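For reference, the structure is listed below as structure tokens.
The shown structure was predicted, so the numbers you read here are calculated from the model rather than taken from an experiment. When reading the values below, keep in mind they use all heavy atoms of this one structure, side chains included, and skip hydrogens, waters and symmetry mates.
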Amino acid sequence: MTKLMTDRQRSANRKNARRSTGPKTQSGKRRSSRNALRHGLLAKAVVLQSSNSQETRADFDALIKDFIHELRPQNVLEETLVERIATCYWRLRRAQRFEVGSIRDLVESPDENSVDLESLRKELHQSLLVLEFDERFQLILTKPSDRLTPDEAREKQEYFDEFDNKPMVAELHPDSTQRRNHARWVHAAQLGRDRAKVESLRDQIQHAQENSALRDWRKSLHAFLPADDDLTNVIRYESMIDRQMHRALLQLHRLREVTRHDTSKTKK
């Protein structure tokens, strides 16, 4: 059921409506009409609205409103200058994000010249097992026969038999004693190569560890600065934007000084 209004209520509503029509003076109407800045071409183009961009139009609109509240433009020209100032500030924030991203890429990127330490360690482990076996067998070859265990004696004889069955060895060393001495020499040479390989792998691992530590130290130095080319570009870009922002602020200040001067002359 619709509630009927009394004559007193209708009269009160009319009075309230007349008091709520907004600002009546020209200056008040101008201020009211610029409560929200009408974004121009600069504002429309400054926001990178792509799928992987961190920028949003809503954030830029909020930034514009903050600058409007702070600087309170009074006419179209002041609006343009405020828009330029906000745009410069927005671009400076973008430069800072680029700087952080450049540092992160530099610190976290893998080194193309780095050596696979884990692969070297595995190879060293296998080489140590081979070296351990060959050193044990070298003791068997040099131990007197009467001091060998049955397993050691059988292992030693199998090794000599292997050489006896090689045609080239039999031709070069017809005498069995010569063949035994040759077999010992061959194993000693192999043992030397095993030891050299182990030492080489150890040196490679140590060198790789030192290089890795040096790279980590260099990266720690770059933890607060981007790469050289990026650093140069950031400095130039920020300097250019700073100059534009300060120029716009100065123009806004001068414009208001001129407006204030003209207003005072008009009053006189």
Side-chain angles (χ1 to χ4, degrees), residues 50-54 94-144 147-173 179-235:
S50 60
S51 58
N52 57 350
S53 174
Q54 299 179 2
R94 182 187 299 160
Q96 291 173 352
R97 286 196 298 270
F98 172 81
E99 181 180 347
V100 172
S102 176
I103 294 172
R104 183 176 298 168
D105 289 342
L106 184 63
V107 173
E108 297 178 357
S109 61
D111 193 337
E112 296 179 355
N113 297 322
S114 63
V115 179
D116 188 355
L117 277 171
E118 188 61 27
S119 177
L120 284 176
R121 292 190 179 101
K122 289 181 180 179
E123 187 176 359
L124 176 60
H125 176 70
Q126 295 297 325
S127 298
L128 286 171
L129 294 178
V130 173
L131 178 60
E132 181 182 0
F133 175 82
D134 286 345
E135 285 180 337
R136 183 189 65 82
F137 191 69
Q138 180 68 13
L139 293 176
I140 294 175
L141 291 177
T142 57
K143 188 185 296 186
R147 298 182 59 184
L148 293 174
T149 65
D151 289 338
E152 290 174 345
R154 183 173 58 255
E155 190 176 354
K156 182 178 181 179
Q157 187 59 45
E158 289 175 354
Y159 178 70
F160 286 150
D161 291 342
E162 183 181 351
F163 270 83
D164 289 340
N165 294 328
K166 293 180 178 180
M168 291 292 296
V169 175
E171 292 179 7
L172 292 173
H173 305 289
R179 288 198 296 273
R180 301 295 185 270
N181 291 335
H182 178 74
R184 292 186 178 93
W185 178 85
V186 169
H187 186 270
Q190 180 60 47
L191 182 61
R193 289 193 292 270
D194 292 342
R195 288 170 175 167
K197 183 176 182 179
V198 167
E199 290 303 315
S200 175
L201 287 171
R202 284 173 172 166
D203 289 342
Q204 291 180 54
I205 290 174
Q206 182 179 359
H207 184 66
Q209 288 175 334
E210 291 173 352
N211 285 341
S212 178
L214 181 60
R215 285 191 296 270
D216 291 342
W217 176 72
R218 286 175 177 172
K219 284 187 175 183
S220 67
L221 294 180
H222 289 291
F224 302 99
L225 291 175
D228 292 341
D229 292 341
D230 290 342
L231 178 61
T232 302
N233 291 333
V234 168
I235 292 175

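- Across all non-hydrogen atoms, the minimal contact from D134 to H187 is O-CE1, 2.9 Å.
- Scanning both residues, I205 and L124, for their nearest heavy atoms gives CD1-CD2, 3.6 Å.
- Within the 4.5 Å cutoff, side-chain heavy atoms of L131 are placed close to those of L191.
- For the residue pair Q190 / D194, a side-chain donor-acceptor distance below 3.5 Å is found, with atom types taken as modelled.
- No more than 12 heavy-atom neighbours from other residues, nucleotides or ligands sit within 6.0 angstrom of CD on E132.
- Judged by distance alone, with hydrogens and angles left aside, the side-chain atoms of S212 form no donor-acceptor pair with the main-chain N or O of A208 at under 3.5 Å.
- Between the side chains of N211 and H207, a donor-acceptor pair is found at a separation under 3.5 Å.
- Taking CZ from R202 and CD from E199, the interatomic distance works out to 5.5 Å, rounded to the nearest 0.5 Å.
- Applying the side-chain contact (heavy atoms from CB on, under 4.5 Å) criterion to P144, with sequence neighbours excluded, gives D146, R147.
- Taking a cutoff of 4.0 Å between a charged side-chain nitrogen and a carboxylate oxygen, D151 and R154 qualify as a salt bridge.
- To the nearest 0.5 Å, the span separating CG on L128 from CZ on F133 amounts to 15.5 Å.
- Checked against side-chain contact (heavy atoms from CB on, under 4.5 Å), L148 has the following partners two or more places apart in sequence or in another chain: I140, K143, E152, A153, K156.
- The minimum heavy-atom distance linking A183 with Y159 is given by the pair O-OH, 2.8 Å.
- Side-chain contact between E210 and Q206 is present, with at least one heavy-atom pair separated by less than 4.5 Å.
- At a threshold of 4.0 Å, the pair E99-R94 does not count as salt-bridged, since none of the basic side-chain nitrogens sits closer than that to a carboxylate oxygen.
- Between the CG atom of L201 and the NZ atom of K122 there is a distance of 14.5 Å, given to the nearest 0.5 Å.
- Checked against side-chain contact (heavy atoms from CB on, under 4.5 Å), S200 has the following partners two or more places apart in sequence or in another chain: Q204.
- Although no hydrogens or angles enter the test, the distance criterion places no donor-acceptor pair under 3.5 Å between the side chain of R184 and the main chain of T142.
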